[in-house]
Colleague: 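Quick one: this structure, given as structure tokens, is what I'll be asking you about.
The model shown is predicted, which means the values in this text are computed figures rather than measured ones. First the proteins, then the strands, lettered A, B, ... as listed; each starts at 1.
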2 protein chains.
Amino acid sequence: MASRVPELTATPRAQEIISSARGLLEEEGYDGLTMRRLAERLGIRAPSLYKHLPDKQALETALIRIGFEEWMDAFEQAATSEAPLPALLAAYRAFARDYLHLYRLMTERPLDRERLGPGIEERAAAPFATATGGDPDLARALWAFAHGMTILELNERFPNNADIDAAWTRGAHALVQP
Amino acid sequence: MASRVPELTATPRAQEIISSARGLLEEEGYDGLTMRRLAERLGIRAPSLYKHLPDKQALETALIRIGFEEWMDAFEQAATSEAPLPALLAAYRAFARDYLHLYRLMTERPLDRERLGPGIEERAAAPFATATGGDPDLARALWAFAHGMTILELNERFPNNADIDAAWTRGAHALVQP
DNA sequence: GTCTATATCAAGATAGAC
DNA sequence: GTCTATCTTGATATAGAC
């Protein structure tokens, strides 16, 4: 039976390639993630990659899937901590800061559910539902706030003198006060 | 003296081209906005475009600048209405819905301040400051919420049965209650 | 597992004629 | 203002040898 989670059953070499691709993505951004540059980084030629991966889309899907696994690990842990909301928002900021281009890849276009499997957006959003005690509207509002803060900061939309920490705190308190 | 706002002094033909580009962008998305397709849409050949525009970047800059002018018109008007907050958020949703790909072009990457002129991010954010009575942290939190809701909805990150209107209302009330 | 050679496509842009 | 012809670059991907 064929696996639905390719990267988990990928050959060691394929895993090396995916891992290298992740580094390339973070260092060069999405436009820098090309098969040629990836091969160069690995010290081989681009066509050799196709012996390990069917195409570039499979590579991107693997990266996105790994991203969501780490996302869910980090956020589920935060959402079930003693102070779920500050922990969740801190984890959210940290994730986007540490995996900047992966975060973009994961959020800036619709998910390919055919390849990623069903229900991934629900699973990604679940930590927010947990942290807000199961209120789905509030969970969505909180997630939107976190995503918006993240992206607007990343895209340098706030003035240089803006107190971004204060905006995070202000929004978080307003959204989750008792 | 050279103008700092090229599209305002552009020749009529250049304005036609920019206008056509805007239609192409909305119909085909950012990847569809190529010089070849733009020329095709205008019934001419691609090289002819370069008699009217220096390069593609100038075209994108013109589109973004026009977008911000309409953005500011719509949001400033809303921010000074009788019920500024619902009006502003409604205008925000309407703008993104009506100019979907232009909204993405305007928000999904850092602004080119060299070309757009200084202070554009402050001017774009100003309506939120007005609507929140001048509290900058709250204004940023509210903008982040609006942007996050917009993008997550656009990218189909909410489940099919999600009540997106309710999430907007919930977040707006939480952020701007007295 | 990697290589060379190559196919295919499409992008932005320029030169110079009309 | 538009054209044809062309340059340059760089992307994904395949075939088949080693």
Colleague: Would you mind reading off the distance between Asp31(B) atom CG and dC9(C) atom P, rounded to a whole angstrom?
Modeller: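 Taking atom P of dC9(C) as the reference, CG of Asp31(B) is at 19 Å.
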Colleague: If you only use heavy atoms from C-beta on, which nucleotide in dT12(D), dG1(C), dT14(C) is closest to the side chain of Arg13(A)?
Modeller: dG1(C)
Colleague: How close or far is atom P of dG10(D) from atom OH of Tyr30(A), stated in whole angstroms?
Modeller: 18 Å
Colleague: Can you tell me the distance, in whole Å, between the CG atom of Leu49(A) and the P atom of dT12(D)?
Modeller: 10 Å
Colleague: Can you confirm whether Arg113(B) is buried at CZ, in the sense that more than 12 heavy atoms of other residues, nucleotides or ligands lie under 6.0 Å from that atom?
Modeller: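 Yes, CZ of Arg113(B) has more than 12 neighbouring heavy atoms, counting only those of other groups under 6.0 Å.
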Colleague: To the nearest angstrom, how far is Leu38(B) atom CG from dA10(C) atom C1'?
Modeller: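 That distance rounds to 16 Å.
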Colleague: Return yes if a side-chain donor-acceptor contact under 3.5 Å exists between Thr61(A) and Arg115(A), otherwise no.
Modeller: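 Not at all, the side chains of Thr61(A) and Arg115(A) share no donor-acceptor pair under 3.5 Å.
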Colleague: Rounded to whole Å, how long is the line connecting atom CD of Gln57(B) with atom C1' of dA11(C)?
Modeller: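 Answer to the nearest Å: 15 Å.
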Colleague: dG1(D) P sits how many Å from Leu53(B) CG, rounded?
Modeller: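 It is 11 Å, rounded to the nearest whole Å.
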Colleague: Checking all strands, does Arg36(B) fall into the base, sugar-phosphate, or nothing category for heavy-atom contacts under 4.0 angstrom?
Modeller: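 The answer is base, as Arg36(B) lies within the cut-off (heavy atoms under 4.0 Å) of a base atom.
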Colleague: Starting at atom CG of Asp55(A), determine the distance to atom P of dC9(C), rounded to an integer number of angstrom.
Modeller: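 The answer, rounded to whole Å, is 18 Å.
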Colleague: At under 4.0 Å between heavy atoms, what does Lys51(A) touch on the DNA or RNA strands: base, sugar-phosphate, or nothing?
Modeller: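 Base contact.
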Colleague: So which nucleotide from dT2(D), dA13(C), dT14(D) ends up closest to the side chain of Pro47(B)?
Modeller: dA13(C)
Colleague: For a quick test of reading the model: is some side-chain N or O of Ser48(B) closer than 4.0 Å to OP1 or OP2 of dC3(D)?
Modeller: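 Indeed, a polar side-chain atom of Ser48(B) lies that close.
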Colleague: For the side chain of Tyr50(A), starting at C-beta, report the closest nucleotide among dT14(D), dT14(C), dT2(C).
Modeller: dT14(D)
Colleague: Specify the residue among Ala46(B) and Ile17(A) whose closest nucleotide of DNA chain C lies further upstream toward the 5′ end.
Modeller: Ile17(A)
Colleague: Which class fits the ring pair Trp71(A) and Tyr103(A): parallel under 30°, tilted 30 to 60°, perpendicular over 60°?
Modeller: parallel
Colleague: Decide if atom CD of Gln77(A) counts as having more than 12 heavy atoms of other residues, nucleotides or ligands within a radius under 6.0 Å.
Modeller: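 No, the 6.0 Å shell around CD holds no more than 12 heavy atoms from other groups.
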Colleague: Round to a whole Å and report the spacing from CD of Glu40(A) to P of dC3(C).
Modeller: 12 Å
Colleague: Name the closest nucleotide to the Thr34(B) side chain, picking from dT2(C), dA11(C), dA13(D).
Modeller: dA11(C)
Colleague: Strictly under 6.0 Å, is that where the ring centroids of Tyr92(A) and Phe145(A) end up?
Modeller: no
